[in-house]
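See structure below.
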Amino acid sequence: MEPLRAVKGMNDLLPTEARAFARIEAAARRVFERHGYGEVRTPLVEEAALFSRSIGEETDVVGKEMYVFPDRHGVPLALRPEGTAGAVRAFIEHGAAAAPIVRWFYAGPMFRHERPQKGRYRQFHQIGVELLGAAAPEADAELIGAAAAFLAEIGISGTRLLVNSIGDDACRPAYVDKLRDFLHARAAELCPDCRRRAGTNPLRALDCKVAQDRVILGEAPVPGDSLCEPCRAHFATLLGHLRALGLSPIHEPHLVRGLDYYTRTTFEILAGGDLGSQNTVAAGGRYDKLVERLGGPAVPAVGFAAGIERLVLALGGAPAPAPGPDLFIAALGDAARRRALVLAQAARAASLRVEIDPRSGSLKSQMRWADRTSAAFVLVLGEDELAAGRAPLKQMGSRGGGAPGAQEDVALDAVAGEVRRRLAPGSDDRGQPGLS
RNA sequence: GUGGCUGUAGCUCAAUGGUAGAGCACCGGACUGUGGCUCCGGGUGCUGUGGGUUCGAGUCCCAUCAGCCACCCCA
């Protein structure tokens, strides 16, 4: 019979990789809580209408990538393709919109039915941050600063911050008309994708990757030239704030967003290295009309999301596995094996990481396993040791005070203390920052 | 959705159309109860699947599935 396989584009995270994810999420908690953001956990499943109303019916995310299925009453439900829509729904539903300012972050799986490729899967994981209730550029600056601090915290350096403004309801429609006219006028010279975009999503044409198109689009009108005065002032102030924060913003006039709900500020943070087209590690922008659009009050907001898979890629190299046990108990004979269980339980109660080999193997095979797991110390327990109440404690590697291979008899009822004492001064390698 | 590449042991990969192999890993022994280093022994396989060509297919052809990479889109 064919063995069952994971669904295409949905991956298992085995312990080492899961640990890398967990450390990134832990860093996110530290940094965002430091900025005053609280974690929210919203459902993975929402009514499909939530996403078509917020992200936009015509976007690829809603139009062809969303997992949609009817529930038992025929109501179309969807696996969430991104986090902002659900967060805003929760914000409205729980009356949080009554508070002047709400700072939320979230981390979890998102789903898009796309063709998988490097760093991009059908179930992927995002960390997102939303600051609701503030229209001023200080909010944009704080949020972008939080994003930069988060990337620095997990060890991604050499990033570039690209920012742009795509205007608001007052100035963007007229700009989009101008751009569409330009694209139609030059349609014959553009790639098929851009000819299509002229009708569906003109802004997306601006960051087309085809070389010839880039030349032509260099002559296209950019949003920055058509901003109304309030948008222009907002953007100018934001640039000043970002410079004051030392974030070296690069104004990228062609930077746009694919989702309909963005207004004014858009930004991306790019990682260095050769991640190719996957080098955007965080991206976001302002969405002043979304809350209203979803039935809430007129609350301006700004947010961003980062893809954890891409962060792991950007960090490069193999993630560090978990550290080995502090103590490994090798036991020979039934009585010793039972005593090993009891000793292990006691040592764990004293907060040590303790393992035994639950197979009944030779001492050699148990020692080999202890070595494999990178145990710091091994206690060798046999009939004689049980009788004497003392057993040899052997140091395996460099963790611990003595030389590798050194061993010394210790009292069985003092094992945990002996191990702890030897590991105590600065030799504990757990909790190191960094991932690789 | 479009295009390209690749499918052989747990992993990385060999094998001119002629008996499926190596390294690593794993298990055992040398060393009755002490890991790593060394040596000796052990192959753990529906060659992705289904057809076809052939005396004979891992190898050639077709189809299919899967994985990877890129495009579209996006974090």
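It should be emphasised that the depicted structure is a prediction, and the values quoted were computed from it without experimental measurement. Just so it is clear: chains get the letters A, B, ... in the order the sequence lines come, proteins before strands, and each one is counted from 1. Atom set for the values below is all heavy atoms of this structure, side chains included, hydrogens, waters and symmetry mates excluded.
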Open item on the list: Between B:rG36 and B:rA25, how many Å separate the two C1' atoms, rounded to a whole number?
Closed with: 15 Å
Open item on the list: What's A:Gly119 touching, base or sugar-phosphate or nothing? Going by heavy atoms closer than 4.0 Å.
Closed with: base
Task: Option passing side chain to side chain contact (heavy atoms under 4.5 Å, CB included) with A:Phe328 (candidates A:Val354, A:Ile356, A:Asp357) - done: A:Asp357
Between the protein and nucleotides 65-68 of chain B, which nitrogen or oxygen pairs come in under 3.5 angstrom?
from, atom 1, to, atom 2, distance (Å)
B:rA66, O2', A:Arg5, NH2, 3.2
B:rG67, OP2, A:Lys8, NZ, 2.8

Task: B:rU16 to B:rA57 separation - C1' atoms, rounded to the nearest Å - done: 14 Å
Task: side-chain hydrogen bond (donor to acceptor under 3.5 Å, both in side chains) partners for A:Asp140, two or more places apart - done: A:His234, A:Thr265, A:Arg286
Under 3.5 Å, side-chain donor or acceptor atoms of residues 102-111 of chain A against the rest of the protein: list the pairs with distances, not counting sequence neighbours.
from, atom 1, to, atom 2, distance (Å)
A:Arg103, NE, A:Glu142, OE2, 2.7
A:Arg103, NH2, A:Glu142, OE1, 2.8
A:Arg103, NH2, A:Glu142, OE2, 3.4

Task: Taking every non-hydrogen atom, the tightest pair across A:Gly401 and A:Gln395 - done: N-OE1, 3.8 Å
Task: Distance, C1' atom - from B:rC24 to B:rC62, rounded to whole angstrom - done: 37 Å
- [ ] Rounded to whole angstrom, note down the P distance from B:rA63 over to B:rG3.
- [x] 13 Å
Less than 3.5 Å apart, which donor and acceptor atoms pair up between the side chains of residues 44-52 of chain A and the rest of the protein, not counting sequence neighbours?
from, atom 1, to, atom 2, distance (Å)
A:Glu46, OE1, A:Arg89, NE, 2.7
A:Glu46, OE2, A:Arg89, NE, 3.2
A:Glu46, OE2, A:Arg89, NH2, 3.1
A:Ser52, OG, A:Ala48, O, 3.4
A:Ser52, OG, A:Ala49, O, 3.2

TODO: Starting from P on B:rU2, measure out to CD on A:Glu65 and report it in whole angstrom.
DONE: 15 Å
Task: Between B:rC11 and B:rG29 - C1' atom distance, rounded Å - done: 25 Å
Open item on the list: At less than 3.5 Å, do the side-chain atoms of A:Arg204 and the base atoms of B:rC74 form a donor-acceptor pair?
Closed with: no
Open item on the list: Students often get this wrong, so: under 4.0 angstrom with heavy atoms, is A:Asp371 touching a base, only sugar-phosphate, or nothing?
Closed with: base
- [ ] Return the value, rounded to whole Å, for the distance between atom CD of A:Glu130 and atom P of B:rA75.
- [x] 12 Å
- [ ] Please measure how far the C1' atom in B:rU47 lies from the corresponding atom in B:rG17, and state the result in whole Å.
- [x] 15 Å
Open item on the list: Listing request: all side chain to side chain donor-acceptor pair (under 3.5 Å) pairs with a residue in residues 331-342 of chain A, at least two apart in sequence or in separate chains.
Closed with: none
- [ ] To the nearest Å, give me how far apart CZ (A:Phe328) and P (B:rG35) are.
- [x] 13 Å
- [ ] May I ask you to say what A:Phe124 touches in the nucleic acid, namely base, sugar-phosphate or nothing, with a heavy-atom cut-off under 4.0 Å?
- [x] base
Open item on the list: My understanding is that only residues two or more places apart in sequence, or in another chain, count here; which of them pass ring-ring contact (aromatic ring centres under 6.0 Å, His included) with A:Tyr287?
Closed with: A:Tyr261
Throw together a table of side-chain donor-acceptor distances under 3.5 angstrom for residues 370-387 of chain A, partners on residues two or more places apart or in other chains.
from, atom 1, to, atom 2, distance (Å)
A:Thr373, OG1, A:Trp369, O, 3.2
A:Thr373, OG1, A:Ala370, O, 3.0
A:Glu385, OE1, A:Gly382, N, 2.9

TODO: For A:Lys64 and B:rC73, give me the distance from atom NZ to atom C1', rounded to whole Å.
DONE: 7 Å
Open item on the list: Please give the distance between the C1' atoms of B:rG18 and B:rG58 as a whole number of Å.
Closed with: 13 Å
TODO: Starting at atom CG of A:Leu313, determine the distance to atom C1' of B:rC69, rounded to an integer number of angstrom.
DONE: 13 Å
Task: For RNA chain B, stems built from three or more consecutive Watson-Crick or G-U wobble pairs below 3.5 Å - done: B:1-7 with B:65-71, B:10-13 with B:21-24, B:26-30 with B:38-42, B:48-52 with B:60-64
Open item on the list: If the condition is side-chain hydrogen bond (donor to acceptor under 3.5 Å, both in side chains), which residues does A:His254 pass it with, not counting sequence neighbours?
Closed with: none
Open item on the list: Are there over 12 heavy-atom neighbours, none belonging to A:Arg293, within less than 6.0 Å of that residue's CZ?
Closed with: yes
TODO: Could you measure between the two C1' atoms, the one in B:rA14 and the one in B:rG7, and give it in whole Å?
DONE: 15 Å
TODO: Specify the separation, in whole Å, of atom CD of A:Gln395 and atom P of B:rG36.
DONE: 17 Å
Open item on the list: Output the rounded distance in Å from OH (A:Tyr262) to C1' (B:rC74).
Closed with: 10 Å
Task: All side chain to side chain contact (heavy atoms under 4.5 Å, CB included) counterparts of A:Ala198, not counting sequence neighbours - done: A:Leu183, A:His184
- [ ] Give one of base, sugar-phosphate or nothing for A:Ala283, where a contact means two heavy atoms less than 4.0 Å apart.
- [x] sugar-phosphate
TODO: Go through the structure and list residues passing side-chain hydrogen bond (donor to acceptor under 3.5 Å, both in side chains) with A:Asp168, not counting sequence neighbours.
DONE: none
- [ ] Round to the nearest Å and state the distance from A:Asn279 atom CG to B:rA70 atom P.
- [x] 12 Å
- [ ] Would you name the heavy atoms of A:Ala314 and A:Ile156 that are closest together and state the gap between them?
- [x] CB-CD1, 3.9 Å
For nucleotides 26-33 of chain B, give me every protein contact, N/O to N/O, under 3.5 Å, one pair per line with atom names.
from, atom 1, to, atom 2, distance (Å)
B:rC26, OP1, A:Arg372, NH1, 2.4
B:rG28, OP2, A:Arg368, NH2, 3.2
B:rG33, O6, A:Glu385, OE1, 3.3
B:rG33, N1, A:Glu385, OE1, 2.9
B:rG33, N1, A:Glu385, OE2, 2.8
B:rG33, N2, A:Glu385, OE2, 2.8

- [ ] Would you mind classifying the nucleic acid contact of A:Gly405 as base, sugar-phosphate or nothing, using non-hydrogen atoms under 4.0 angstrom?
- [x] base
Open item on the list: Regarding B:rU34, can its base be found pairing with the side chain of A:Gln366 as donor and acceptor, where the two atoms are less than 3.5 Å apart?
Closed with: no
